[in-house]
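The first residue of the sequence shown is numbered 1, and numbering continues consecutively from there.
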Amino acid sequence: MITVATRARDPWAIPPRPGTSTPGWSSLRRILAVRLDAMGDVLMTTPAFRAVRSSARGAQLALLTSSAGAEAARHVPELDEVIVHDPGWMPGGEGRPAGSDRELVERLRDGAFDAAIVFTVHTQSPLPVALLLRLAGIPRVLAHCRENPYALVSDWVPEPELGEATRHEVRRQLDLVARVGFTTGDERLSFRVPPEAMRRLRDEVLPGLGIRPGDGTPWAVVHPGASAPSRRYPPARFAQAAARLAREHDVRIVFTGATAEIPLVESIRASMGVASASLAGSLSLGELSALLAVAPLLIANNTGPVHLAAAVGTPVVDLYALTNPQHTPWMVPSRVLNVDVPCAGCRRSVCPLGHGACLALVPPDRVVAAARELLAEAPAYGRVELGATSVA
């Protein structure tokens, strides 16, 4: 975190625009990345962070992100600093006073950044944050933008989407930083499992579940929640699929979820009619990453834990609503399940037609078959030895 020092100057004075002598991006030493979205979006941007670090060698990289994104960002080894801000123009920032934006401007000004990269999905505008970056005196800004940003974005990449096929979110951000020469040969997602989390998993969590290495019993983590109702597979169908895996194929089922999702998890478990375990509400993000790092499989909706699983190399059965196409599991074995519908690509958090057919019509048999296929390909106890304490 940056410590803010008080300076006797006008924090709202607009700095001069850079001239032609501004150095190239690879020679910059203080770079700010901006990703004001949730955990999954931050994780899908980590290959672009790696491209910056591997190309601008010796540069420091800070991330400005939301409270939700910061939880994951603190475990990303490519980042030197994490700055948390929930602006009023983003979900979760409603009702925040304008004074908080003034405080952010001052904080960024004190950070003395040479340049900033604004990472957005293709439906977002970079201009609100670009204005704050200009007021903070950051001379170079790289961003996609649909309309002409004029002086607010020095390195403007015209927005090709929605007019073209939507790229995967990881590819979109890698393409953005490549425009200024930042590339990497390693495009995997990045997340470091905390050593203390892996120790707790090894010494307390797994023994409490009765899961032991080498006993040959298959198991899977099931995460049935999602922030948007349109991205949730029906609980009754989750129960049917989990019950069949447990009863017919001897798969141990371990549920996870946030504290607010405990009622959802318990309703599914009650409907299964067969034993299962639940860690809902009992794991930190680091502990969830440790669990996923050793689990043979995750079954989930399109939600943050899918990208966390991808970051630690866990195969995923992804019940993927067709609200948008660009967030599928990245560079891990996966099965993406949905039913094609005419309203695909609605980008809505609540199904506008009320039926949620793209998920609701996926039969539990497809979930079971996909899980069995991936479990058959997975090592008996996951990809991480229990003696290990971290996963980069």
Side-chain angles (χ1 to χ4, degrees), residues 1-4 6-7 9-15 31-45 62-74 79 81-111 113 115-138 140-154 156 159 161-162 169 172-173 176 226-231 258 260 285 303-304 323-324 327 346-350:
M1 290 292 193
I2 297 171
T3 301
V4 178
T6 302
R7 296 185 180 181
R9 53 174 167 72
D10 179 5
W12 292 96
I14 299 177
I31 300 174
L32 176 70
V34 181
R35 187 81 216 226
L36 295 170
D37 296 287
M39 176 180 78
D41 302 287
V42 169
L43 291 173
M44 286 185 286
T45 314
L63 175 67
L64 170 62
T65 189
S66 66
S67 298
E71 192 176 2
R74 294 188 179 101
L79 297 173
E81 306 170 31
V82 178
I83 304 168
V84 183
H85 184 68
D86 294 300
W89 65 85
M90 294 290 291
E94 298 88 346
R96 287 186 63 86
S100 65
D101 293 335
R102 291 190 178 94
E103 293 170 3
L104 176 64
V105 168
E106 189 63 23
R107 184 173 191 175
L108 296 180
R109 185 185 289 270
D110 287 325
F113 292 103
I117 306 170
V118 182
F119 296 101
T120 59
V121 298
H122 63 270
T123 56
Q124 294 172 339
S125 171
L127 296 183
V129 73
L131 176 59
L132 297 186
L133 298 175
R134 177 170 170 79
L135 293 171
I138 299 176
R140 302 197 72 169
V141 175
L142 170 68
H144 288 106
C145 194
R146 186 162 292 107
E147 60 269 65
N148 189 335
Y150 297 100
L152 284 180
V153 177
S154 62
W156 171 33
E159 178 62 75
E161 300 157 317
L162 303 164
E169 187 64 16
R172 171 181 169 85
Q173 309 311 343
L176 176 66
S227 58
S230 61
R231 293 191 278 112
L285 181 63
T303 187
T323 55
N324 50 26
H327 300 149
C346 70
R347 300 179 178 84
R348 300 288 291 274
S349 295
V350 177

Query raised in the report: Can you check side chain to side chain contact (heavy atoms under 4.5 Å, CB included) on Met44 and Val121, steps first, answer last?
Result: CA-CA 11 Å; Met44 286 185 286; Val121 298; over 6 Å; no
Query raised in the report: Checking side-chain contact (heavy atoms from CB on, under 4.5 Å) against Phe119, which of Thr65, Thr45, Asp41 comes through?
Result: Thr45
Query raised in the report: Does Arg231 have any salt bridge (charged side-chain N to carboxylate O under 4.0 Å, His left out) partners at least two apart in sequence or in another chain, and if so, which?
Result: none
Query raised in the report: At what distance, to the nearest 0.5 angstrom, does OG1 of Thr123 lie from CD of Glu159?
Result: 9.0 Å
Report task. Give the minimum heavy-atom separation between Leu108 and Ala136, together with the two atoms involved. Result -> CB-CB, 3.7 Å
Query - Steps toward side chain to side chain contact (heavy atoms under 4.5 Å, CB included) verdict (Ser125, Arg146) - result: CA-CA 7 Å; Ser125 171; Arg146 186 162 292 107; over 6 Å; no
**Report entry** Chi angles and distances behind the side chain to side chain contact (heavy atoms under 4.5 Å, CB included) call for Leu36, Leu64
**Finding:** CA-CA 7 Å; Leu36 295 170; Leu64 170 62; 4.0 Å; yes
With a 3.5 Å cut-off and sequence neighbours excluded, list the donor-acceptor pairs that the side chains of residues 126-133 form with protein atoms.
none

Requested in this report: Evaluate the side chain to side chain contact (heavy atoms under 4.5 Å, CB included) criterion for residues His85 and Arg107: first the C-alpha distance (whole Å), next the side-chain angles of each, then the deciding distance (0.1 Å), finally the verdict.
Outcome: CA-CA 11 Å; His85 184 68; Arg107 184 173 191 175; over 6 Å; no
Query raised in the report: From Arg102 CZ over to Glu106 CD, what is the distance, rounded to the nearest 0.5 angstrom?
Result: 12.0 Å
Report task. Would you name the heavy atoms of Ser154 and Val141 that are closest together and state the gap between them? Result -> OG-N, 2.8 Å
Query - Rounded distance [0.5 Å steps], CG in Leu285 versus CE in Met39 - result: 5.5 Å
Query - Non-hydrogen side-chain atoms of Thr120 and Arg172 separated by less than 4.5 Å - result: yes
Requested in this report: Specify the closest pair of heavy atoms between Ala70 and Val82, including all atoms of both residues, with the distance to one decimal.
Outcome: CB-CG1, 3.9 Å
Requested in this report: Compare every heavy atom of Leu79 with every heavy atom of Ala73, then report the nearest pair and how far apart it is.
Outcome: O-CD1, 3.7 Å
Report summary line: When every non-hydrogen atom of Val118 is compared with those of Leu176, the smallest separation belongs to O-CD2, 3.7 Å
Report summary line: The reported gap from NE2 in His327 to CG in Leu43 (rounded to nearest 0.5 angstrom) is 12.0 Å
Query raised in the report: What's the shortest heavy-atom distance between Trp156 and Glu147, and which atoms?
Result: CZ2-O, 3.7 Å
Query - Test item: Asp37 and Gln124 side chains (from C-beta on) under 4.5 Å apart, heavy atoms - result: yes
